Q: 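Can you read through this structure? Questions will come right after.
Treat the numbers as computed from the prediction; the structure is a model and nothing was measured.
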Amino acid sequence: MSFVGRWKVTSGAVAAAAILGVGLSYPAIPAGATPTATGRLAAASGVSPSAAAGTPQLNKVGTGKANQEVIRELVPCGKTMYAVGRFTSIKHGTTYTRNNIFSFSKTAPFNVTSWNPNVNGQVNAIAFNGSDCSHAYIGGSFTSINGTAVSNIAEISTSSGNVVSGFGHSANNEVWTMVYAKGHLLTGGNFKFINGSKNPFMASLSPSTGKDDGFLHLNISGDYSYCAVGGKPCTNSHHSQAYNQQLSHSGNLDLVEGRFTSVGGLPRQQIFMLNLSGAKATVTGWTSPEWDGSNKTADPYYQCWPSMAFYVRTAAWSPDDSTVYLANTGFKPAQNPGPGARKGLCDSVSAWPATKGQVSHKWINYSGCDSFYSVAADNAAVYAAGHPRWANNSNACNAEGTGAFPDQGLWGLHPADGTVWKNSGGTALYTMTRANAGYMLITGAGLWIGSTNRFTLNRCGNTKARHAGICFLPY
């Protein structure tokens, strides 16, 4: 696995897209598609398999993990797309100096704007207060914005880029995720204190002041501690963390991924679901022994390789909020490390009922020990990305097993059964460079993908143009 941080994906951000002026119109499930032994033919009503030309891209070439840059999140507001991550320059015809945040037109020709906040560290998340595009909230690991001292969180002007002083700008550790929902700024990370309050790892902040507004008190605690079969390797000591979240299209539910064993007084691991419809947010009954360890006899392979003990790092909602899709890292089960048939959820894409109780998977598709970091869904397909080499690879690890076929970088799966969409030539319909794409956002216009510049030539879809960091597959 190549882990470059939180890798936020927000198909749940589709709920906010309507607020932000992005019209949503999902295509229908393709009619007449013919199932084959390993996939389905031609998903004509999903997003195009060819990337739109002319989107901005990361300027530098990522040679080795230390030099990789990354787009961590793409969020629209009005006519503008805002991008955050870890980078120092952006290329769009010319080269623009931009430190970890920039904006551009969300429609062709995707011109980069003059907005240029100077953020001195990685930005993991950006959010807006409903349809108000005059200011943005950002979180990450930074201490200065345009020369103003801050600590990992701030509100900034989208005209000047300067810090808005009335909003608190102090978290004692990294902020990973921020989502605006029902008048609250739901914020998660590694912090224990944020803007003067102790509410470890996840807090609900007032969009006006940044203070804890009391909507969310989860008492998140615990971490994953175990060894692989044979006694080693073992997990390293980490800490609790709220790492990623996805708001449902209704805006009433929120999925949260991270490191924990207890949330809201309930046993939870990897992921939990919040109900946001009441006076205070509450943890729902949605969970599964397939990842939470509540039935080790029936599901003994719920733990992935110790170095990747936190493996459910991203999720997505179906358009009607009835299904949750998970795209996982994890390498292989800690208690089943062999090269044969895959077990558990490590390095897979899967579908689950969104009912608020104990659930079991509807389907699973394995890559064969290659990680996923992002997932999104419309009516036509479930899109998942990371660094897979093969699909339908349930019989091998780091090799092409029986029944598998090449499908690099980006998958498109049928929502009903997880079979891969193929083109008329019988090869996978969707593809991209194995650039650890860690962010996806579906809007009414198409699918936005954020990734690293992991390779010298980073491509997306059936095009020869370079798309390092940002790719857009239109409807």
Q: Any donor-acceptor pair under 3.5 Å linking the side-chain atoms of S350 with those of S348?
A: no

Q: Relative to the ring of Y82, is the ring of F128 parallel (under 30°), tilted (30 to 60°) or perpendicular (over 60°)?
A: tilted

Q: Quick one about H184 and D213 (side-chain donor to acceptor, distance below 3.5 Å, no hydrogens or angles considered), yes or no?
A: yes

Q: Go through the steps for F87 and V70 under the test side chain to side chain contact (heavy atoms under 4.5 Å, CB included), then give the verdict.
A: CA-CA 7 Å; F87 47 84; V70 61; over 6 Å; no

Q: For the residue pair H387 and R454, establish whether any side-chain heavy-atom pair is separated by less than 4.5 Å.
A: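 Yes, their side chains come closer than 4.5 Å.
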
Q: May I ask you to decide if N100's main-chain N or O and E69's side chain share a donor-acceptor pair within less than 3.5 Å?
A: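 Not at all, since once roles are kept as given, no pair shorter than 3.5 Å links the two residues.
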
Q: Can T97 and S89 be said to form a side chain to side chain donor-acceptor pair (under 3.5 Å), step by step?
A: CA-CA 4 Å; T97 298; S89 59; over 6 Å; no

Q: Nearest 0.5 Å, please: how far is CG in N195 from CG in D212?
A: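 Reported value, rounded in 0.5 Å steps: 9.0 Å.
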
Q: Examine distances only and state if a side-chain atom of T209 and a backbone atom of K211 form a donor-acceptor pair shorter than 3.5 Å.
A: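 Checked: pair present.
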
Q: Take L410 and I449 through the side chain to side chain contact (heavy atoms under 4.5 Å, CB included) test and state the conclusion after the steps.
A: CA-CA 10 Å; L410 172 65; I449 303 174; 4.1 Å; yes

Q: Taking the six-membered ring for Trp, are Y373 and Y439 closer than 6.0 Å centroid to centroid?
A: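 Y373 vs Y439: aromatic centres not under 6.0 Å.
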
Q: Indicate the atoms forming the closest heavy-atom contact of P76 with K106, along with that distance.
A: CB-CD, 4.3 Å

Q: Checking the side chain of T235 only, and the main-chain atoms of Y226 only, is there a donor and an acceptor separated by less than 3.5 Å?
A: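 It does hold such a pair.
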
Q: Show the numbers, then the answer: is there a disulfide (SG to SG under 2.5 Å) between C346 and C304?
A: CA-CA 6 Å; C346 314; C304 290; 2.1 Å; yes

Q: With sequence neighbours excluded, tell me which residues meet side-chain contact (heavy atoms from CB on, under 4.5 Å) with T261.
A: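 T261 satisfies side-chain contact (heavy atoms from CB on, under 4.5 Å) with Y224, Q269 once adjacent residues are dropped.
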
Q: If we count only N and O atoms by modelled type, under 3.5 Å, do the side chains of T143 and N120 hold a donor and an acceptor together?
A: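 N120 and T143 do have a side-chain donor-acceptor pair below 3.5 Å.
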
Q: Can you list every disulfide bond (SG atoms under 2.5 Å apart) pair that touches residues 433-475, not counting sequence neighbours?
A: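 The answer is C460-C471.
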
Q: Do N162 and I156 have side chains that get closer than 4.5 Å, going by heavy atoms?
A: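 The answer is no; the side chains never approach within 4.5 Å.
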
Q: Ring of W305, cation from K332 - is the NZ or CZ under 6.0 Å from the centre and inside 45° of the axis?
A: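 Output yes; distance and angle both within limits.
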
Q: Are N398 and R389 linked by a side-chain donor-acceptor pair shorter than 3.5 Å?
A: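 A pair is found: one side chain offers a donor N or O, the other an acceptor, under 3.5 Å apart.
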
Q: Are any side-chain N or O atoms of W115 and backbone N or O atoms of S157, one a donor and one an acceptor, separated by less than 3.5 Å?
A: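 Answer holds: yes.
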
Q: Would a distance-only check, ignoring hydrogens and angles, find a side-chain to backbone donor-acceptor pair under 3.5 Å from Q270 to V312?
A: yes

Q: For the aromatic rings, using the six-membered ring if either is Trp, is the centroid distance between F191 and F193 under 6.0 Å?
A: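 Between F193 and F191, which both carry aromatic rings, the centre distance is not below 6.0 Å.
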
Q: Shortest non-hydrogen contact from A327 to S374?
A: CB-O, 3.8 Å

Q: Under 4.5 Å between any side-chain heavy atoms of V283 and R268, yes or no?
A: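 Sidechains of R268 and V283: in contact.
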
Q: Evaluate the side chain to side chain contact (heavy atoms under 4.5 Å, CB included) criterion for residues H135 and N129: first the C-alpha distance (whole Å), next the side-chain angles of each, then the deciding distance (0.1 Å), finally the verdict.
A: CA-CA 8 Å; H135 55 101; N129 185 348; 4.0 Å; yes

Q: Any side-chain donor paired with an acceptor under 3.5 Å for S134 and T158?
A: no

Q: Mind checking whether F260 and S221 have side chains closer than 4.5 Å, heavy atoms only?
A: no

Q: So that I can confirm a possible disulfide, could you see if the SG-SG distance for C227 and C234 falls below 2.5 Å?
A: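 Judged by the SG atoms alone, which are under 2.5 Å apart, C234 and C227 are bridged.
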
Q: Counting N and O atoms only, with roles assigned by atom type, does the side chain of N152 sit under 3.5 Å from a partner on the main chain of N173, one being a donor and the other an acceptor?
A: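 Answer holds: yes.
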
Q: Please round to the nearest 0.5 Å and tell me the distance separating atom OG of S371 and atom CG of D347.
A: 4.0 Å

Q: Quick check for you: to the nearest 0.5 Å, what is the distance between H92 atom NE2 and S105 atom OG?
A: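 Taking NE2 in H92 and OG in S105, the distance rounds to 9.0 Å.
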
Q: What's the separation between atom CG in L58 and atom CD in Q68, rounded to the nearest 0.5 Å?
A: 10.5 Å

Q: Report yes or no: does Y430 contribute a side-chain atom to a donor-acceptor pair with the main-chain N or O of D407 at less than 3.5 Å?
A: no

Q: Shortest non-hydrogen contact from A181 to L247?
A: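 Shortest heavy-atom contact: CB-CD1, 3.9 Å.
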
Q: Do you see a donor-acceptor pair shorter than 3.5 Å between the side chains of H361 and E290?
A: yes

Q: Answer yes or no: is there a side-chain heavy-atom contact under 4.5 Å between F102 and I71?
A: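 Side chain of F102 against side chain of I71, heavy atoms only: contact under 4.5 Å found.
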
Q: So which heavy atom on T88 is nearest to which on N99, and how close?
A: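 Here T88 and N99 meet closest at CA-OD1, 3.8 Å.
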
Q: State, without any angle test, whether N458 and N453 hold a side-chain donor-acceptor pair at a distance under 3.5 Å.
A: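 The criterion, which ignores hydrogens and geometry beyond distance, is not satisfied for N453 and N458.
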
Q: Would you check if there is a donor-acceptor pair between the side chains of K182 and N252 at a distance under 3.5 Å?
A: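 Short answer, yes.
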
Q: Have D223 and H238 got a donor and an acceptor in their side chains that come within less than 3.5 Å?
A: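 No.
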
Q: To the nearest 0.5 angstrom, please state how far the CE atom of M202 sits from the NE2 atom of H217.
A: 12.5 Å

Q: Report the C-alpha distance between N124 and Q122 in whole Å, list the side-chain angles of each, state the deciding distance to 0.1 Å, and finish with yes or no for side chain to side chain donor-acceptor pair (under 3.5 Å).
A: CA-CA 6 Å; N124 294 320; Q122 184 167 297; 3.0 Å; yes

Q: Nearest heavy-atom pair of L218 and N199: which atoms, and what distance?
A: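 So the two residues come closest at N-OD1, 4.4 Å.
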
Q: Evaluate side chain to side chain donor-acceptor pair (under 3.5 Å) for T431 paired with Q408, printing each intermediate quantity in order.
A: CA-CA 6 Å; T431 184; Q408 293 201 7; over 6 Å; no

Q: Check whether any side-chain heavy atom of T284 sits under 4.5 Å from a side-chain heavy atom of L274, and report yes or no.
A: no

Q: Step by step, would you call Q241 with N190 a side chain to side chain donor-acceptor pair (under 3.5 Å)?
A: CA-CA 5 Å; Q241 174 191 63; N190 295 352; 2.9 Å; yes

Q: Taking the six-membered ring for Trp and the full ring for Phe, Tyr or His, determine whether the centres of Y302 and W291 are under 6.0 Å apart.
A: no

Q: Y137 vs F167 aromatic rings, parallel, tilted or perpendicular, using cut-offs 30° and 60°?
A: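 Ring orientation of Y137 relative to F167: tilted.
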
Q: Can you see whether N146 engages N118 through a side-chain donor-acceptor pair at a distance of less than 3.5 angstrom?
A: no

Q: Check ring-ring contact (aromatic ring centres under 6.0 Å, His included) between F310 and all other residues, then give those that pass, not counting sequence neighbours.
A: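 In terms of ring-ring contact (aromatic ring centres under 6.0 Å, His included), with neighbours along the sequence ignored, F310 is linked to Y243.
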
Q: So, Y475 and D378: side-chain donor and acceptor under 3.5 Å apart, yes or no?
A: yes

Q: So, taking the atom named OG1 in T433 and the one named CZ in R466, what distance separates them when rounded to the nearest 0.5 Å?
A: 10.0 Å

Q: Kindly say whether the aromatic ring centers of Y325 and W317 come within a distance under 6.0 Å.
A: no

Q: Restricting to non-hydrogen atoms, name the atom on S144 and the atom on V150 that form the minimum distance, rounded to 0.1 Å.
A: N-CG2, 3.8 Å

Q: Verify side chain to side chain contact (heavy atoms under 4.5 Å, CB included) between I90 and T95, making sure each step is shown before the conclusion.
A: CA-CA 6 Å; I90 296 297; T95 299; over 6 Å; no

